[in-house]
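These notes are about the structure you will find just below.
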There are 2 protein chains.
Amino acid sequence: MAVTIKDIAKHAGVSYSTVSKALRNSPLVKEPTKKKIIKIAEEMGYVPNIVARSLVQKKSYAIGVVWPTVERVTPSALITKINELLEEKSYTTLLSINSVDSAIATFNRFQVDAIVVFAETMSDLTRSKNVMSKVPILYYGIKESSEYPTIDVNRRHAIKIAVEHLVKIGHTKVSYIGDVSTQDHLQKEKHLGFLEAIDEFNLDLFSKSIVPTNGLELYDGYLAAKSLFNKSTEVTAIVSGSYDLTRGIVRAAQELNINIPNDVSIIGYDNISQSEDLDIPFSKVGVPLNRIANKITETLLDIINENNTNNSIILEPELNIINSCAKPKNN
Amino acid sequence: MAVTIKDIAKHAGVSYSTVSKALRNSPLVKEPTKKKIIKIAEEMGYVPNIVARSLVQKKSYAIGVVWPTVERVTPSALITKINELLEEKSYTTLLSINSVDSAIATFNRFQVDAIVVFAETMSDLTRSKNVMSKVPILYYGIKESSEYPTIDVNRRHAIKIAVEHLVKIGHTKVSYIGDVSTQDHLQKEKHLGFLEAIDEFNLDLFSKSIVPTNGLELYDGYLAAKSLFNKSTEVTAIVSGSYDLTRGIVRAAQELNINIPNDVSIIGYDNISQSEDLDIPFSKVGVPLNRIANKITETLLDIINENNTNNSIILEPELNIINSCAKPKNN
DNA sequence: TTGTACGCGTTATCAT
DNA sequence: ATGATAACGCGTACAA
């Protein structure tokens with residue numbers, strides 16, 4: 001049997017409502033009494049029963065994170081950061097790896113104060129429309145869903161400004177290495193960004209302009225880059241679709257004695273996190289992870305407190321150029 | 001305001017205790033009444049409030065999973081499987097990526113029925129000793145903790161029987177490719193297993209007997225294998241420390257036109273899951289993921305129902321030999 | 001400053 | 001077969 005405030009009250013010789021106040025640090029209870037009660041509570045190993053509290057308060061100070069894609073790409077670093085930020089605001093984060101539908105139902109039963117959904121496929125989303133949720137929901141990664149609050153990163157624009165930068169410093173033969181399968185909406189966006197840039201900046205669409213990969217792993221980037229370097233000597237700059245791909249590309253270049261950035265410049269797409277220890281630091285484009293995490297956390301709290309904010313937030317990417325990795329084309 | 005059984009009672013013209021019984025499918029309520037109530041509940045979009053239920057029942061039908069290492073190796077496939085099995089038993093799985101301590105505290109507050117801890121470092125574990133938990137805890141992956149119920153995989157033995165098999169079919173020059181950094185307890189176990197096998201089967205400890213990697217990614221295995229193949233022509237069999245490493249090794253072999261298993265046999269450590277689509281299927285040693293998941297789920301339920309089971313369960317690995325990947329040494 | 005009484009949504013027990 | 005009521009642990013008006 002867990003210890004309750006009533007047990008504490010007995011030991012302290014006060015009423016249990018006094019204990020409640022003391023533990024909530026209410027000014028309505030004298031300092032010495034408070035101290036004494038808190039001490040006894042600690043000694044008895046008291047843990048507040050959130051269940052009871054949220055019944056009466058109709059708040060649980062918990063946020064539900066729906067993350068059906070543990071095995072896929074939504075960066076766990078993002079989840080970790082959000083968890084940290086929420087903890088600072090004294091919210092608890094609960095994760096569910098069930099389907100969107102069933103996770104939302106569960107979190108409703110548990111009376112969480114808000115839900116964030118990290119869904120990556122359209123089917124994840126469309127199915128979730130059937131579920132009614134009393135708890136407010138915030139979606140991440142799906143621009144289309146306009147009827148719910150949504151946060152997304154402008155991946156298309158990210159790739160575009162990467163190409164733009166390369167053009168500005170003199171490159172004309174730019175390749176895109178990325179997963180261009182049409183299944184994954186996020187990858188498709190980046191692909192589109194590259195195509196738009198090609199068009200807008202009047203670049204040649206040469207034979208190896210777009211190098212498709214068969215996945216998003218380091219090795220996929222490595223293979224793609226090797227095929228690129230072997231079959232085309234024209235290319236002077238590469239835009240890469242993801243962090244791991246970029247790492248693979250860098251490894252391939254090293255192996256073939258291709259110098260970055262003298263022989264080829266490279267800019268990788270990456271929702272940049274502060275503390276990455278890369279073999280070689282490279283230029284990046286994307287939204288800093290912390291900015292995404294902050295925006296999500298902030299919006300979550302706004303939603304809970306019913307500050308009606310913008311329903312659909314698109315985070316704009318930023319370029320992060322490291323000179324050693326993207327330099328003007330040699331003449 | 002969410003709809004409660006009282007609201008349903010009003011609409012149905014019965015008392016709310018009858019509604020409660022009907023919804024729980026109690027035999028104490030007549031079939032037609034039951035049907036009617038259930039229908040009304042659905043129409044009104046009723047969602048049972050687990051919070052209130054667990055207050056009175058002192059059970060939440062929820063299991064807390066402490067998973068502080070999302071970013072590391074504990075396979076998410078395992079978590080996914082456990083989640084599935086628990087769902088079948090009508091338990092809900094809640095994940096926390098906080099530190100072991102704080103996750104345990106949180107789950108206590110939420111009154112979960114049991115907790116599983118996936119901790120990989122010793123420090124994760126030792127810190128958690130300070131927390132008292134009213135809720136029973138099951139640890140995975142840490143043999144040493146004998147004061148709590150524990151489930152672990154015998155990684156040391158796994159590597160050993162892999163080597164044993166290779167020796168039996170005639171190999172004498174066997175290499176181990178794996179992460180042998182002393183930090184990670186799990187990797188250390190495998191390394192020890194190889195050393196013990198070398199000793200037990202009187203194998204040569206030649207220059208490339210042990211090829212250390214700098215990580216557990218595909219590319220790390222690829223690099224290690226390349227270095228092995230380039231510098232040693234003696235080796236006829238390889239034992240690999242993890243799934244991704246094995247994939248990298250296979251890639252390296254393909255690239256160098258080294259035939260598996262004619263030129264070299266390979267057995268990879270891997271907690272085998274049923275449905276892996278590999279480029280090339282290869283021989284494995286390990287405990288099937290489903291067996292681990294089943295054992296964990298089963299033990300969890302035992303603990304909840306206070307069936308006192310063995311406190312410390314070690315799962316023994318099995319060999320899974322595919323002829324095309326490990327064959328007797330050519331003479 | 002402290003104590004009493006009520007309510008949160010549900011289940012369980014007892015009475016009708 | 002159904003209804004009334006107590007209890008779960010906590011927070012909060014309101015009373016003392």
Side-chain angles (χ1 to χ4, degrees), chain A residues 1-38 40-41 44-62 90 92 105 107-113 134-135, chain B residues 1-38 40-41 44-62 90 92 108-113 134-135:
Chain A
M1 189 63 173
V3 26
T4 74
I5 51 173
K6 287 187 184 171
D7 301 323
I8 298 173
K10 265 183 210 146
H11 280 249
V14 295
S15 82
Y16 61 82
S17 87
T18 305
V19 174
S20 172
K21 284 169 200 151
L23 260 23
R24 308 221 64 223
N25 199 21
S26 159
L28 297 172
V29 46
K30 253 197 304 196
E31 204 53 46
T33 328
K34 204 185 282 184
K35 290 272 188 208
K36 184 176 128 204
I37 291 175
I38 290 178
I40 293 181
M44 298 180 70
Y46 171 75
V47 183
N49 186 334
I50 294 262
V51 165
R53 174 186 293 172
S54 64
L55 225 208
V56 47
Q57 286 193 160
K58 302 200 157 203
K59 281 200 88 185
S60 59
Y61 289 94
S90 64
T92 299
F107 286 139
N108 267 273
R109 283 195 262 267
F110 275 93
Q111 306 266 84
V112 301
D113 297 338
K134 191 214 156 195
V135 176
Chain B
M1 190 61 175
V3 25
T4 73
I5 51 172
K6 290 186 182 172
D7 301 323
I8 298 173
K10 264 181 209 148
H11 281 249
V14 295
S15 81
Y16 65 83
S17 79
T18 305
V19 174
S20 173
K21 283 169 200 151
L23 260 23
R24 309 222 68 221
N25 198 21
S26 159
L28 296 171
V29 46
K30 252 197 305 193
E31 206 52 45
T33 330
K34 203 185 281 183
K35 290 270 186 211
K36 185 176 128 201
I37 292 176
I38 291 177
I40 293 181
M44 298 180 71
Y46 170 76
V47 182
N49 186 333
I50 295 262
V51 166
R53 172 186 297 171
S54 62
L55 221 211
V56 46
Q57 288 194 159
K58 302 197 158 203
K59 281 199 90 185
S60 59
Y61 289 94
S90 64
T92 298
N108 267 274
R109 283 194 263 267
F110 275 93
Q111 306 264 89
V112 300
D113 298 336
K134 190 214 157 197
V135 177

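Only a predicted model underlies this, so the values are computations on that prediction, with no experimental measurement involved. So you know, we letter chains A, B, ... as the sequences are listed, proteins then strands, and number each from 1.
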Look at the side-chain N and O atoms of [X] and state whether any lies under 4.0 Å from the OP1 or OP2 oxygen of [N].
X      : N       : answer
T18(B) : dG3(D)  : yes
S20(A) : dG11(D) : yes
Y46(A) : dC10(D) : yes
R53(A) : dG9(D)  : no

**Item:** Under 3.5 Å donor-acceptor pair, T4(A) side-chain atoms to dG9(D) base atoms
**Value:**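 Side chain to base: no pair below 3.5 Å.
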**Message:** On the side chain of K21(A), is there an atom forming a donor-acceptor pair with the base of dG3(C) - under 3.5 Å, no angle test?
**Reply:**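 Such a pair exists between side chain and base.
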Interatomic distance, [X] [atom1] vs [N] [atom2] [rounded to whole Å]:
X       : N       : atom1 : atom2 : answer
R24(B)  : dG9(C)  : CZ    : C1'   : 13 Å
Y61(B)  : dT10(C) : OH    : P     : 16 Å
K34(B)  : dT2(D)  : NZ    : P     : 10 Å
I8(B)   : dG9(C)  : CD1   : C1'   : 11 Å
N25(B)  : dA1(D)  : CG    : P     : 14 Å
K134(B) : dC8(D)  : NZ    : P     : 13 Å
K59(B)  : dG9(D)  : NZ    : C1'   : 19 Å
I5(B)   : dC8(C)  : CD1   : P     : 12 Å

**Asked** Between P48(B) and R53(B), which heavy-atom pair has the shortest distance, and what is it?
**Response**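 The pair with the smallest heavy-atom distance is CB-NH2, 4.0 Å.
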**Item:** First of L55(B) and V29(A) reached from the 5' end of DNA chain C, by closest nucleotide
**Value:**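 Closest to the 5' end, via its nearest nucleotide, is V29(A).
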**Request:** Would you indicate whether the side-chain heavy atoms of I38(A) and L23(A) approach each other to under 4.5 Å?
**Result:**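 Side chain of L23(A) against side chain of I38(A), heavy atoms only: contact under 4.5 Å found.
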**Item:** Minimum-distance nucleotide (side-chain atoms of Y16(A) versus dG11(D), dT10(C), dC8(C))
**Value:**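 For Y16(A), the side-chain atoms sit closest to dG11(D).
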**Message:** Classify V14(B) by what it touches in the nucleic acid, base, sugar-phosphate, or nothing, heavy-atom distance under 4.0 Å.
**Reply:**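 Result for V14(B) = sugar-phosphate.
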**Asked** What does K6(B) touch in the nucleic acid at a heavy-atom separation under 4.0 angstrom: a base, only the sugar-phosphate, or nothing?
**Response**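 Contact class for K6(B): base.
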**Prompt:** Heavy-atom count around K35(B) NZ within 6.0 Å, excluding the residue itself: above 12?
**Reply:**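 No, because the 6.0 Å sphere around NZ of K35(B) holds 12 heavy atoms or fewer from other groups.
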**Item:** OH on Y46(A) to CG on D7(A), rounded to 0.5 Å
**Value:**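 The distance works out to 10.0 Å.
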**Message:** Is it true that S20(A) and S17(A) share a donor-acceptor pair across their side chains at a distance under 3.5 Å?
**Reply:**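 No - no donor-acceptor pair under 3.5 Å links their side chains.
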**Request:** Would you mind telling me which residue lines up with the more 5' stretch of DNA chain D, T33(B) or L23(A), judged by nearest nucleotide?
**Result:**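 Checking each residue's closest nucleotide, the 5'-ward one belongs to T33(B).
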**Request:** Please tell me which of S15(B) and V56(B) maps to the more 5' nucleotide of DNA chain D, matching each residue to the nucleotide holding its nearest heavy atom.
**Result:**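 Closer to the 5' end of DNA chain D: S15(B).
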